[in-house]
Participant: 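Starting off with a structure, shown below.
In the text below, chain A, chain B and the rest are named by the order of the sequence lines, each starting its count at 1. Everything quoted here is computed from the prediction, not taken from an experiment.
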Amino acid sequence: MSDTVTRFAPSPTGFLHIGGARTALFSWLLAKSQGGKFLLRIEDTDRERSTQEAIDAILEAMTWLGLDHDGEVYYQSQRADRHNEVIDQLVESGHAYWCNCSKEDVDAMRDKARAAGRKPKYDGRCRERGLGPDCGGVVRFKTPLAGAVSYTDMVKGPSAVNVEELDDLILRRSDGGPTYNLAVVVDDHDMGVTQVLRGDDHVNNTFRQIPIYEAMGWQVPSFGHVPMILGPDKKKLSKRHGALSVMEYEKMGYLPEAVLNYLVRLGWSHGDQEVFTREELTRLFTTDTLSSSPSVFDLQKLEWMSGQYMQGADVNRLTAEVTKIIEFEVGRDEAEKLNLKILPKAIPLLQPRAKHLVDLAEQSRLFLVDVAFLMYDETAVKKFLTPEARALLEEIAPQLEAIEEWTEASIEACLRSFIDEKELKFKVLAQPVRVAVTGTTQSPGLFETMAVLGREQTMTRMRRVVEDFGL
RNA sequence: GUCCCCAUCGUCUAGCUGGCCCAGGACGCCGGCCUCUCACGCCGGUAGCGGGGGUUCAAAUCCCCCUGGGGACGCCA
């Protein structure tokens, strides 16, 4: 067990989207790859916007992805006393001060600075005024007046910014509550976090947080900032821009490990390898090969990845998932009438053909329904169930019926000997039989499909076609 | 406006200590093979170092400028 501690710290103002999930994944992998701990902290200090629904949604998504955290979930809002304690210490040690400038005053300062072509910032006029708690204002941090703040980013490398770019950020609001930047520093320190991996949009915060660590005499953790995920138009992925909740991907039928694998390749690489098991990932992950440039989310590649995982997935699991989907779609009562028992035999035939679970459920349909509910594709019927074809079906039906043991091999033997006798091409028979049995021109192998479907259902379907599809 | 970051096929990326790269893999797309259809699989093809200057015998790789994109500048996180 190393002393590596990482964390994921979402603010519960909405669902966990794909970008957040990836950040969480990288942090999780960083911890796991070093035998360390991965902590979860909910940053709910904004009471206005934080909701229990969002917290639940985030937790649910983390669970679905299998990104388990060590220990209890931390709630930032529950640590306000500790935050305030640190703020008081900072004031006492002269690293922070009270300020009662009005919002309007500060806005004016910023506007002025902006107009003068400088970076908008508070000018620190209350720094040496020696105000106390009775001033009714806020507490600000005394940002160093000269020099630069620098650190080595785990993904971007050496980074530095001149302190002139920073201003005296607020530590405690006028309502007495601690602000984000202060709370994060205190929490990360108290939780023993050694490596902070977060989104690119936090780089500026890093430069503001490091001086706080230093003022407290605390060890500064390592920081790494991963680039954003972009939409197809190369704009930042937002809720408007297809930044879906990770749970939406579950609804669409994607396996969590496929989503995870897709996500990890979005910004991280291990040579040319595309598919990784979770074990490989925890063994191979390094921040060294995290990309420093933003990447575009590509649903097509996710689909491909998903297909890879569908092929290798356990049949029992797929059976359970497909059953769930069908029960959800048609209702439990209706689902009971379906021949769900056939699923474990049917699914292996469908696996190489399905992109995801919903797809698999859809394709399972032809095995589940009774002939009366089987949908026949109109153009397929027109094209292949011609009078000649139906005559063939009618002729072969008794022969199929007479097969002693209904197996893939015996079905194939029966059909092949039939066409040999007729001196026909196998294709001439295959498509009509396929359409008769499955309703469409696309299906798994004919013999295996018929074998799984069973003699009775197969024959019923063939007879129906002969009788009902007369022109 | 100011500061920071980024820049290889349409997309994800390998390339990081310069020569093995007239740039490799994957998705997609196109063609073929397999074949009872569709998939899977296999084979082949398409397509890229944003632009301009340097440094060097040699640059996708190092430096500078430009351009383009992104992010940040809150008593939000």
Side-chain angles (χ1 to χ4, degrees), chain A residues 9-13 43-46 48-50 76 99 103 106-107 110 113-121 137-140 153 156 159-162 164-167 169-181 183-184 199-205 207 225 227-228 230 232 234-236 262 265-275 288-289 291-305 307-308 310-311 349-355 363 380 384 412 415-416 419 425-435 438 440-447 449:
Chain A
S11 63
T13 54
E43 313 233 302
D44 55 350
T45 48
D46 185 346
E48 302 274 300
R49 299 196 300 161
S50 301
Q76 195 158 65
C99 162
K103 186 123 177 39
V106 178
D107 284 346
R110 292 200 224 271
R114 200 187 295 260
R118 282 178 287 117
K119 192 153 184 160
K121 51 187 263 192
V138 301
V139 174
R140 286 181 184 274
D153 196 286
K156 297 175 187 295
S159 301
V161 76
N162 204 303
E164 271 122 58
E165 301 302 327
L166 278 13
D167 67 356
L169 75 165
I170 292 175
L171 264 23
R172 177 185 289 155
R173 294 190 263 258
S174 52
D175 68 1
T179 58
Y180 167 76
N181 278 116
V184 168
D200 220 350
D201 48 340
H202 281 285
V203 276
N204 291 271
N205 289 327
F207 292 115
H225 296 89
M228 321 255 83
L230 275 23
K234 303 226 179 185
K235 290 252 156 55
K236 179 185 176 182
Y262 173 72
R265 283 291 289 118
L266 205 59
W268 178 80
S269 61
H270 180 73
D272 287 335
Q273 191 172 347
E274 296 285 347
V275 181
D288 295 351
T289 50
S291 168
S292 51
S293 57
S295 37
V296 174
F297 188 85
D298 181 14
L299 194 63
Q300 281 188 312
K301 188 156 182 183
L302 204 212
E303 278 220 334
W304 168 79
M305 185 66 80
Q308 297 295 305
M310 289 299 287
Q311 287 191 47
L349 310 190
L350 266 18
Q351 270 177 279
R353 278 160 253 264
K355 288 294 180 202
Q363 293 191 42
F384 293 105
E412 173 164 10
L415 293 181
R416 288 211 190 272
I419 57 128
K425 287 222 167 203
F426 187 70
K427 285 183 171 197
V428 178
L429 180 65
Q431 280 306 71
V433 173
R434 185 189 316 284
V435 174
T438 69
T440 77
T441 55
Q442 303 170 9
S443 79
L446 197 50
F447 320 123
T449 301

Participant: Heavy atoms, side chains only, cut-off 4.5 Å: are H270(A) and T289(A) in contact?
Facilitator: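 H270(A) vs T289(A): side chains apart.
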
Participant: Look at the side-chain N and O atoms of R110(A) and state whether any lies under 4.0 Å from the OP1 or OP2 oxygen of rC75(B).
Facilitator: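 Indeed, a polar side-chain atom of R110(A) lies that close.
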
Participant: Starting at CG of D201(A) and ending at C1' of rA77(B), how long is that distance when rounded to a whole Å?
Facilitator: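 One finds 9 Å between C1' of rA77(B) and CG of D201(A), rounded.
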
Participant: Using the C1' atom in both, what is the distance from rU8(B) to rG25(B), to the nearest Å?
Facilitator: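 Those two atoms are separated by 13 Å.
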
Participant: Regarding P120(A), tell me which of base, sugar-phosphate or nothing describes its non-hydrogen contacts under 4.0 Å with the strands shown.
Facilitator: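 The answer is base, as P120(A) lies within the cut-off (heavy atoms under 4.0 Å) of a base atom.
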
Participant: Describe the nucleic acid contact of R49(A) in one word from base, sugar-phosphate, nothing, applying a heavy-atom distance below 4.0 Å.
Facilitator: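 Here R49(A) touches the bases of the nucleic acid.
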
Participant: Does any N or O donor sit under 3.5 Å from an N or O acceptor when you compare the side chain of N205(A) with the base of rA77(B)?
Facilitator: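 Yes.
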
Participant: Using atom CD1 of I419(A) as one end and atom P of rC36(B) as the other, report the distance to the nearest whole Å.
Facilitator: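 Rounded to whole Å, this separation is 9 Å.
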
Participant: Hey, what are the protein-to-nucleotides 47-51 of chain B N/O distances that come in under 3.5 Å?
Facilitator:
none

Participant: With a 4.0 Å cut-off on heavy atoms, is P227(A) in touch with a base, just the backbone sugar-phosphate, or nothing at all?
Facilitator: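 It contacts nothing in the nucleic acid.
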
Participant: Strictly by Watson-Crick or wobble contacts shorter than 3.5 Å, is anything paired with rU37(B), and which nucleotide is it?
Facilitator: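 Here rU37(B) is not engaged in any pair, so there is no nucleotide opposite it.
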
Participant: Using Watson-Crick or G-U wobble geometry with both distances under 3.5 Å, which nucleotide pairs with rU2(B)?
Facilitator: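 Pairing partner, where one exists within any strand: rA72(B).
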
Participant: Has H202(A) got its ring stacked on the base of rA77(B), with centres under 5.5 Å and planes less than 30° apart?
Facilitator: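 Yes.
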
Participant: How long is the line joining CZ of F297(A) and C1' of rC27(B), in whole Å?
Facilitator: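 After rounding, the gap between these two atoms is 13 Å.
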
Participant: Reckon G267(A) touches a base, only the sugar-phosphate, or nothing at all at heavy-atom distances under 4.0 Å?
Facilitator: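 Sugar-phosphate: the residue G267(A), judged by heavy atoms under 4.0 Å, touches backbone atoms but no base.
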
Participant: For a quick check, tell me whether the side chain of S292(A) and the base of rC6(B) share a donor-acceptor pair closer than 3.5 Å.
Facilitator: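 Side chain to base: no pair below 3.5 Å.
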
Participant: Looking at N205(A), D200(A), N204(A), which hits side-chain contact (heavy atoms from CB on, under 4.5 Å) with H202(A)?
Facilitator: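 That would be N205(A); it is the only one of N205(A), D200(A), N204(A) passing the side-chain contact (heavy atoms from CB on, under 4.5 Å) with H202(A).
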
Participant: Rounded off to whole Å, could you give me the CZ-to-P distance for the R114(A) and rG74(B) pair?
Facilitator: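 Spelled out: CZ on R114(A) to P on rG74(B) is 7 Å.
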
Participant: Determine, for nucleotides 61-67 of chain B in 5'-to-3' order, which nucleotides have protein heavy atoms under 4.0 Å from the base (write B), from only the sugar-phosphate (write S), or from neither (write -).
Facilitator: -------

Participant: Does a side-chain heavy-atom distance below 4.5 Å link L415(A) with L429(A)?
Facilitator: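 Yes, at least one pair of side-chain atoms sits under 4.5 Å.
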
Participant: Any N/O pairs under 3.5 Å between the protein and nucleotides 21-24 of chain B? List them or say none.
Facilitator:
| unit_1 | atom_1 | unit_2 | atom_2 | d |
| --- | --- | --- | --- | --- |
| rG24(B) | N2 | D272(A) | OD1 | 2.7 |

Participant: Between the side-chain atoms of E274(A) and the base atoms of rG25(B), is any donor-acceptor pair under 3.5 Å?
Facilitator: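 Yes, the side chain and the base share a sub-3.5 Å donor-acceptor pair.
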
Participant: Select base, sugar-phosphate, or nothing to describe what Q308(A) touches, counting heavy atoms under 4.0 Å on all strands.
Facilitator: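 The residue Q308(A) makes sugar-phosphate contact but no base contact.
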
Participant: If you look at every strand shown and take non-hydrogen atoms under 4.0 Å, does V296(A) touch a base, only sugar-phosphate, or nothing?
Facilitator: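 Counting heavy atoms under 4.0 Å across all strands, the contact made by V296(A) is with sugar-phosphate only.
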
Participant: Under 4.0 Å, counting only non-hydrogen atoms across every strand here, what does F447(A) touch: a base, just sugar-phosphate, or nothing?
Facilitator: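 Base contact.
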
Participant: Between atom CE in M310(A) and atom C1' in rG41(B), what is the gap in whole Å?
Facilitator: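 Answer to the nearest Å: 18 Å.
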
Participant: Contact between I170(A) and R140(A) at the side-chain level, heavy atoms closer than 4.5 Å - yes or no?
Facilitator: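 In short, these two side chains touch, coming nearer than 4.5 Å.
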
Participant: For K119(A) and V106(A), take the nucleotide of RNA chain B holding the closest heavy atom to each; which residue's nucleotide lies nearer the 5' end?
Facilitator: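 Taking each residue's closest nucleotide, the earlier one in sequence belongs to K119(A).
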
Participant: Give none if rA23(B) has no partner; otherwise give the nucleotide forming a Watson-Crick or G-U wobble pair with it, both distances under 3.5 Å.
Facilitator: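 Matched rA23(B) with nothing under the 3.5 Å cut-off.
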
Participant: Would you mind classifying the nucleic acid contact of S443(A) as base, sugar-phosphate or nothing, using non-hydrogen atoms under 4.0 angstrom?
Facilitator: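 Touches a base.
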
Participant: With under 30° as parallel and over 60° as perpendicular, where do the rings of F297(A) and Y262(A) fit, or are they tilted in between?
Facilitator: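 F297(A) vs Y262(A) ring planes: perpendicular.
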
Participant: OP1 or OP2 of rA14(B) versus the side-chain N and O atoms of S269(A): is any pair under 4.0 Å?
Facilitator: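 Yes, such a contact exists.
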
Participant: In Watson-Crick or G-U wobble terms, both distances under 3.5 Å, what is the partner of rC42(B)?
Facilitator: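 Pair assignment: rC42(B) / rG32(B).
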
Participant: For S291(A) and for Y180(A), locate the closest nucleotide of RNA chain B by heavy-atom distance; then report the residue assigned to the nucleotide nearer the 5' terminus.
Facilitator: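 Nearest nucleotide further toward 5': that of S291(A).
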
Participant: What nucleic acid atoms does T440(A) come within less than 4.0 Å of, heavy atoms only: base, sugar-phosphate, or nothing?
Facilitator: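 If one applies the 4.0 Å heavy-atom cut-off, T440(A) turns out to touch nothing in the nucleic acid.
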
Participant: Distance check needed: rA26(B) P versus L266(A) CG, whole Å only.
Facilitator: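 Between P of rA26(B) and CG of L266(A): 18 Å.
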
Participant: Contact class for H225(A) vs. all strands (heavy atom < 4.0 Å): base, sugar-phosphate, or nothing?
Facilitator: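 Contact class for H225(A): none.
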
Participant: Nearest whole angstrom, please: distance from the P of rC4(B) to the CG of N204(A).
Facilitator: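 Checked: the CG to P distance equals 10 Å.
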
Participant: Any donor-acceptor pair under 3.5 Å joining the side chain of R353(A) to the base of rC38(B)?
Facilitator: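 For R353(A), whose side chain was compared with the base of rC38(B), there is a donor-acceptor pair (under 3.5 Å).
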
Participant: Both distances under 3.5 Å, Watson-Crick or G-U wobble: report the partner of rA7(B), or none.
Facilitator: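 rU67(B) - that is the nucleotide pairing with rA7(B), both distances being under 3.5 Å.
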
Participant: Taking any heavy-atom pair under 4.0 Å as a contact, classify E164(A): base, sugar-phosphate, or nothing.
Facilitator: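 The residue E164(A) makes no contact with any strand.
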
Participant: Quick one: does any side-chain atom of Q308(A) pair with a main-chain N or O of V275(A) as donor and acceptor, under 3.5 Å?
Facilitator: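 Checking the backbone N and O of V275(A) against the side chain of Q308(A), no donor-acceptor pair under 3.5 Å is found.
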
Participant: Nearest whole angstrom, please: distance from the C1' of rC3(B) to the CD of E165(A).
Facilitator: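 It works out to 5 Å between those atoms.
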
Participant: Tell me whether the OP1 or OP2 atom of rU37(B) has a side-chain N or O from T438(A) closer than 4.0 Å.
Facilitator: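 Checking T438(A) against rU37(B): no side-chain N or O falls below 4.0 Å of OP1 or OP2.
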
Participant: With heavy atoms under 4.0 Å as the rule, sort L446(A) into base, sugar-phosphate or nothing.
Facilitator: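 Touches a base.
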
Participant: Select base, sugar-phosphate, or nothing to describe what S174(A) touches, counting heavy atoms under 4.0 Å on all strands.
Facilitator: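 Base: the residue S174(A), judged by heavy atoms under 4.0 Å, touches a nucleobase.
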
Participant: If we take the P atom in both rA26(B) and rG45(B), what is their distance in whole Å?
Facilitator: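 Comparing P positions in rA26(B) and rG45(B) gives a spacing of 12 Å.
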
